[in-house]
Amino acid sequence: MISLEMKQMAVESIREASDSGATERRACELAGISCRTLRRWRESVRIHGDMADRRQKVASERTYPQALTETEKQAVLDACNSAEFRSLPPSQIVPILADRGQYLASESSFYRILRATGQASRRGRAA
């Protein structure tokens with residue numbers, strides 16, 4: 001992300017280059033930005049009075065309150081690695097646990113946790 005000072009310096013440099021006879025497109029290329037970015041920055045100054053970044057949070061910065069805790073993930077791994085379920089895939093483990101009235105996580109969560117720990121391939125005797 002470009003700092004506010006760098007944006008202001010780029011806009012000023014491009015304006016000076018344009019005043020000296022250079023095309024705006026070529027000045028933008030030399031500054032390393034697109035003409036659309038320059039227009040967006042100018043629009044931001046016109047509407048808001050500055051070039052501050054007003055984008056929303058990036059998806060990777062979001063928090064997910066419904067995500068499994070480390071304790072819950074460990075319970076899933078313990079179940080998958082137990083002697084009874086060692087060689088079964090999650091598609092068979094989850095229904096067996098459900099028949100017993102025990103719900104640890106969804107089948108896709110089981111697969112996701114196993115994949116994250118490198119256990120998604122054949123496990124137990126099936127290997």
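Remember, predicted model here, so these are calculated numbers, not experimental data.
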Item checked: Atom pair CZ/CG of Arg25 and Leu38 - distance to nearest 0.5 Å -> 13.5 Å
Item checked: Heavy-atom closest pair, residues Ala67 and Glu72 -> O-OE1, 4.3 Å
Check: Would you say the side chain of Pro89 lies within less than 4.5 Å of the side chain of Tyr111, judging by non-hydrogen atoms?
Finding: yes
Next item on the list: Check whether any side-chain heavy atom of Val94 lies under 4.5 Å from a side-chain heavy atom of Ser106, and answer yes or no.
Entry: no
Item checked: From CG (Asn81) to CG (Leu114), nearest 0.5 Å -> 7.5 Å
Item checked: Arg39/Glu43 ion pair, N-O < 4.0 Å -> no
Checklist line | Shortest non-hydrogen contact from Ser109 toward Ala105 | finding: CB-CB, 3.7 Å
Notebook entry, point to check: Which atom pair, heavy atoms only, marks the closest approach of Pro95 to Pro90?
Noted result: CD-O, 4.1 Å
Check: Would you call Ile14 and Trp41 a side-chain contact if the rule is heavy atoms closer than 4.5 Å?
Finding: no
Check: Going by atom types alone, do Arg15 and Ser18 pair a side-chain donor with an acceptor below 3.5 Å?
Finding: no
Next item on the list: Could you grab the distance from atom CD1 of Ile93 to atom OG of Ser82, nearest 0.5 Å is fine?
Entry: 7.0 Å
Note to self: Measuring from atom CZ of Arg40 to atom CD1 of Ile33, what distance do you get when rounded to the nearest 0.5 angstrom?
What the structure shows: 9.5 Å
Checklist line | Gln92 side, atom CD; Glu107 side, atom CD - distance, nearest 0.5 Å | finding: 9.5 Å
Notebook entry, point to check: Tell me, do Met51 and Val11 make a side-chain contact under 4.5 Å, heavy atoms counted?
Noted result: yes
Check: How far apart are the closest heavy atoms of Lys7 and Ala52, and which atoms are they?
Finding: NZ-C, 4.4 Å
Margin query: I need the full list of side chain to side chain donor-acceptor pair (under 3.5 Å) pairs touching residues 94-104, with sequence neighbours left out, sorted by first then second residue.
Written below: Glu84-Arg100
Next item on the list: Find out whether Ile96 and Leu88 are in side-chain contact, i.e. whether some heavy atom of one side chain is under 4.5 Å from a heavy atom of the other.
Entry: yes
Notebook entry, point to check: Between Thr37 and Ile2, is a side chain to side chain contact (heavy atoms under 4.5 Å, CB included) present by the stated rule, with each step listed?
Noted result: CA-CA 11 Å; Thr37 298; Ile2 301 173; 5.8 Å; no
Item checked: In one Ile/Leu/Val/Met/Phe/Trp/Tyr side-chain cluster, 4.5 Å: Met9, Leu30 -> no
